[in-house]
Amino acid sequence: MASQIWIHSIIKEVDDNESMRTHFRFACSMIQNPIVQPLIAHATTQLEWGTTMFWCYMMTRAIFIDGNWLVAPEMPPTTHPADRRRVDEIVSFLTKDRPLHIMFNESKHAKASTRDITEAESQCFTACCAYMFSIAQGGVWGMTRFGTKCRLWLYYYNDEYLRPFYPSGSSLGEKDEYVNFDDPNLIKSLIYIKNHPIPAKELKHITCISPRPATVQLSKEFEEPGVASPQPSEHPPPPTDPVEIPEEFILKSNAFLPVPAELILKSQGDVDVQMENE
């Protein structure tokens, strides 16, 4: 019940904010563009690269669209020389000092099995875990996806595993817990994340940590100096306060318009977004 309350609160924030509401209409216009159809075909019929290509379009053309954002593929979760793993996609907020990673995304192909999806979720967890122990930051977001479906996650420093954000169900590795890209509340949740790059502390108290599957083991890179070990609870708190993005950056980032008028739908009621029938 609590999860439903905060989801409704997040959706209401997007609906009540003019800039976020305009962004929602813009994002819906972009995903209805005919040029998306070949990408959808690749995502639903090809291997993992098809999924990655489709979501790259979604993230760069519909959500993280203005100059303060960077969506980069095949990036290490940390800058440590011993960190040889690569995350399928990392979303970063650009500051004058350094890129601030805010979201770690892992992909699988459209016909992924439960084992494949569980692996993507564990990869997302290990990436979030490594980054959080390499830099003082309160929390990060995650996304796992297969084909055109995805699920959003939260991870706070010292968490044992990922916290489901949207959808907020408790099951892991389950296709039924994933939603299609044109789900209106998914789009609004992504816009919320863009406007809240560092997860709010309040969400830590009303979201639940999923139990870490017994099969999930952190990679050997975590045993290298400077990278997190497999037991977060054994580590002390971060040495400094979590990094906060200055409010003026967020406000500037939200003011992404002008957008060509023909791409903006007349009203939210004009948006033709339908859930895929299972």
Side-chain angles (χ1 to χ4, degrees), residues 10-11 13-15 17-74 88-94 102-103 105-112 141 143-152 166-167 175 178-195 197 252-278:
I10 287 168
I11 300 310
E13 178 178 337
V14 177
D15 290 340
N17 181 287
E18 182 178 356
S19 177
M20 296 168 76
R21 194 167 60 246
T22 301
H23 188 172
F24 173 72
R25 294 197 297 270
F26 171 78
C28 291
S29 297
M30 294 304 291
I31 67 177
Q32 292 175 352
N33 192 316
I35 66 174
V36 179
Q37 293 306 312
L39 299 178
I40 293 175
H42 283 324
T44 53
T45 61
Q46 299 294 338
L47 299 178
E48 185 178 307
W49 64 264
T51 298
T52 301
M53 176 183 286
F54 169 79
W55 284 102
C56 181
Y57 174 89
M58 282 289 295
M59 303 298 272
T60 59
R61 301 295 181 88
I63 305 299
F64 300 99
I65 55 179
D66 43 303
N68 288 112
W69 294 98
L70 177 67
V71 180
E74 297 300 321
D88 285 340
E89 183 181 270
I90 295 180
V91 179
S92 303
F93 184 88
L94 303 179
I102 67 106
M103 194 175 192
N105 306 332
E106 292 287 357
S107 305
K108 295 296 180 184
H109 59 87
K111 295 180 173 57
W141 303 94
M143 173 193 277
T144 50
R145 59 258 184 129
F146 65 96
T148 61
K149 294 178 178 289
C150 80
R151 190 177 188 184
L152 303 176
Y166 184 77
K175 290 187 175 182
Y178 284 64
V179 294
N180 206 43
F181 74 98
D182 56 3
D183 179 288
N185 288 345
L186 170 65
I187 299 171
K188 292 178 181 180
S189 296
L190 286 168
I191 293 172
Y192 174 88
I193 289 172
K194 178 179 179 288
N195 285 266
K252 180 179 179 182
S253 177
N254 290 342
F256 63 89
L257 299 180
V259 173
E262 61 271 18
L263 293 181
I264 303 297
L265 299 181
K266 297 297 183 181
S267 68
Q268 183 173 332
D270 295 331
V271 178
D272 180 20
V273 282
Q274 298 180 346
M275 286 290 294
E276 179 179 275
N277 293 325
E278 295 291 348

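None of these values were measured; they are calculated from a predicted model.
- Qualifying salt bridge (charged side-chain N to carboxylate O under 4.0 Å, His left out) partners for E48, counting only residues two or more places apart in sequence or in other chains: none.
- Applying the side chain to side chain contact (heavy atoms under 4.5 Å, CB included) test to A41 and every residue at least two apart in sequence or in another chain returns nothing.
- In this structure the side chain of F181 never reaches within 4.5 angstrom of the side chain of R145, judged on heavy atoms.
- Residues forming a side chain to side chain contact (heavy atoms under 4.5 Å, CB included) with A43 (at least two apart in sequence, or on another chain): F54, T148.
- P167 approaches C150 most closely through the heavy-atom pair CD-O, 4.4 Å.
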Check against side-chain contact (heavy atoms from CB on, under 4.5 Å), K194 and D66: CA-CA 11 Å; K194 178 179 179 288; D66 43 303; 3.2 Å; yes

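- V36 places none of its side-chain heavy atoms less than 4.5 Å from the side chain of R61.
- With R151 contributing its side chain and Y178 its backbone, the two residues share no donor-acceptor pair below 3.5 Å.
- Closest approach of A27 and A62 over heavy atoms only: CB-O, 3.5 Å.
- For W55, the ring pair (Phe, Tyr, Trp, His ring centres under 6.0 Å) criterion is met by no residue, not counting sequence neighbours.
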Pair L39-M53, side-chain contact (heavy atoms from CB on, under 4.5 Å): steps then yes or no: CA-CA 7 Å; L39 299 178; M53 176 183 286; 3.6 Å; yes

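- Separation of atoms CD (E106) and CZ (F146) is listed at 15.5 Å; rounding is to 0.5 Å.
- Side chain of Y57 to backbone of I31: no donor-acceptor contact under 3.5 angstrom is found.
- Within the 4.5 Å cutoff, no side-chain heavy atoms of Y166 are placed close to those of I10.
- Distance CE/M59 to OG1/T52: 11.5 Å, rounded to 0.5 Å.
- Atom-to-atom distance recorded for K111:NZ and Q46:CD is 9.5 Å, nearest 0.5 angstrom.
- Using cut-offs of 30° and 60° for the angle between ring planes, the W69 and F93 rings count as perpendicular.
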Would L186 and N180 count as a side-chain contact (heavy atoms from CB on, under 4.5 Å) here? Give the steps. CA-CA 8 Å; L186 170 65; N180 206 43; over 6 Å; no

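- Remark: side-chain polar atoms of K108 are not paired, donor with acceptor, to backbone N or O of T51 under 3.5 angstrom.
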F26 vs M30, side-chain contact (heavy atoms from CB on, under 4.5 Å): CA-CA, chis, key distance, verdict: CA-CA 6 Å; F26 171 78; M30 294 304 291; 3.6 Å; yes

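- With a 4.5 Å cut-off on side-chain heavy atoms, M103 and L190 count as touching.
- Between V91 and I102, some side-chain heavy-atom pair lies under the 4.5 Å cut-off.
- The environment of CD in E18 is sparse: at most 12 heavy-atom neighbours from other residues, nucleotides or ligands sit within 6.0 Å.
- Between I187 atom CD1 and D182 atom CG the span is 7.0 Å, to the nearest 0.5 Å.
- Proximity of I65 to H23: side-chain heavy atoms (C-beta onward) are separated by under 4.5 Å at one or more points.
- Atom-to-atom distance recorded for T44:OG1 and K149:NZ is 11.5 Å, nearest 0.5 angstrom.
- If you take CG on D88 and OG on S107, they are separated by 4.5 Å, rounding to the nearest 0.5 Å.
- Here T60 pairs with C56, V71 under the side chain to side chain contact (heavy atoms under 4.5 Å, CB included) rule; sequence neighbours left out.
- Shown here are the ring pair (Phe, Tyr, Trp, His ring centres under 6.0 Å) partners of H109, two or more places apart in sequence or in another chain: there are none.
- Of the possible polar contacts, one joining the N195 side chain to the I191 backbone as a donor-acceptor pair under 3.5 Å is found.
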